[in-house]
Amino acid sequence: MAGEPQSDCLFCKIVSGDIPATIVRESETTVAFRDINPQAPTHVLVIPKVHYPDAASLAAAEPQIAADVLTEAGAVAADEKIDSTGYRVIFNTGSGVGQTVFHAHAHVLGGRGLQWPPG
Ligand code: AMP
Ligand code: ZN
């Protein structure tokens, strides 16, 4: 069923606690944890607890939870004190642009200057 945990999904296993992560925030619908391979001084992933393969399919099925992911991304930025210096929220969508985990997730990046346009 749509949104149900997938047995082969890394991030579903982080939600269930089967795989450890450095969790920095949790809400009823989301979990935020540090990226294992950080690309900036702050690099946190915010994921919905429900499984959808990417941000657009999450937003189509569960718009309130998609909004929760964005709200939590902003809360992470405030917690990490990068809201004043600026930060970037990224949803890689598709293997062609580097998506490797097909459970929707927002990257929250900050704490250094970030190039625009991105590579
Ligand atoms: P993406 O390439 O957009 O699909 O992002 C997946 C992200 O998950 C990458 O930045 C990885 O470094 C990160 N990642 C993979 N495995 C783990 C893990 N066990 N804990 C935390 N982050 C992870
Ligand atoms: Zn999943």
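Remember, it's 1-based here, ligands and their atoms both numbered in the order they're listed. In this text the structure is predicted, and so the values were computed from the model without any measurement.
Within the 4.0 Å heavy-atom shell around ligand 1 one finds Phe11. Using 4.0 Å as the threshold, Gly98 has a heavy atom nearer than that to some atom of ligand 1.
Taking only nitrogen or oxygen atoms, main chain and side chain alike, His43 does not reach within less than 3.5 Å of ligand 1.
Checking side-chain atoms of Gln99 against main-chain N and O of Val101 turns up a donor-acceptor pair under 3.5 Å. With hydrogens and angles disregarded, no donor-acceptor distance shorter than 3.5 Å links the side chain of Lys81 to the backbone of Gly111. Within the 3.5 Å criterion, the main-chain N or O of Ala78 finds no donor-acceptor partner in the side chain of Glu80. Here the side chain of Thr93 pairs a donor or acceptor atom with the backbone of Phe91 at under 3.5 angstrom.
Applying the 6.0 Å contact sphere to CD of Glu28 captures no more than 12 heavy atoms from other residues, nucleotides or ligands.
Looking from atom 1 (P) of ligand 1 to the surrounding protein, the closest heavy atom is His105 NE2, 3.2 Å. The single protein non-hydrogen atom nearest to atom 14 (N) of ligand 1 is Ile36 CG2, 3.7 Å, given as residue, atom name and distance.
At a heavy-atom distance under 4.0 Å, atoms from both the backbone and the side chain of Thr100 approach ligand 1. Contact annotation: for Phe33 versus ligand 1, heavy atoms closer than 4.0 Å belong to the side chain alone. Contacts of Gln39 with ligand 1, taken as heavy-atom pairs under 4.0 Å, are absent altogether.
Of all the heavy atoms in Ala40 and Leu109, the pair that sits closest is CB-CD2, 4.0 Å.
Near Arg34, meaning under 4.0 Å from any of its heavy atoms, are these atoms of ligand 1: 21 (C). Residue Asn92 approaches ligand 1 through these ligand atoms, each under 4.0 Å from one of its heavy atoms: 3 (O).
Of the listed residues (Thr93, Asp35, Asn37, Leu10), the one carrying the non-hydrogen atom nearest atom 11 (C) of ligand 1 is Asp35.
Between Glu62 and Lys49 there is no salt bridge, since none of the side-chain N atoms of the basic residue sits less than 4.0 Å from a carboxylate O of the acidic one.
With respect to His107, the side chain to side chain contact (heavy atoms under 4.5 Å, CB included) criterion is satisfied by exactly one of Gln39, Arg88, His43: His43.
Between the SG atom of Cys9 and the ND1 atom of His51, the angle taken at the Zn ion (ligand 2) works out to 110° after rounding to 10°.
Tracing side-chain contacts under 4.5 Å through hydrophobic residues (I, L, V, M, F, W, Y), one reaches Ile19 starting from Phe11; they form part of the same cluster.
Summary: ND1 is the N/O/S atom of His103 found nearest to the Zn ion (ligand 2).
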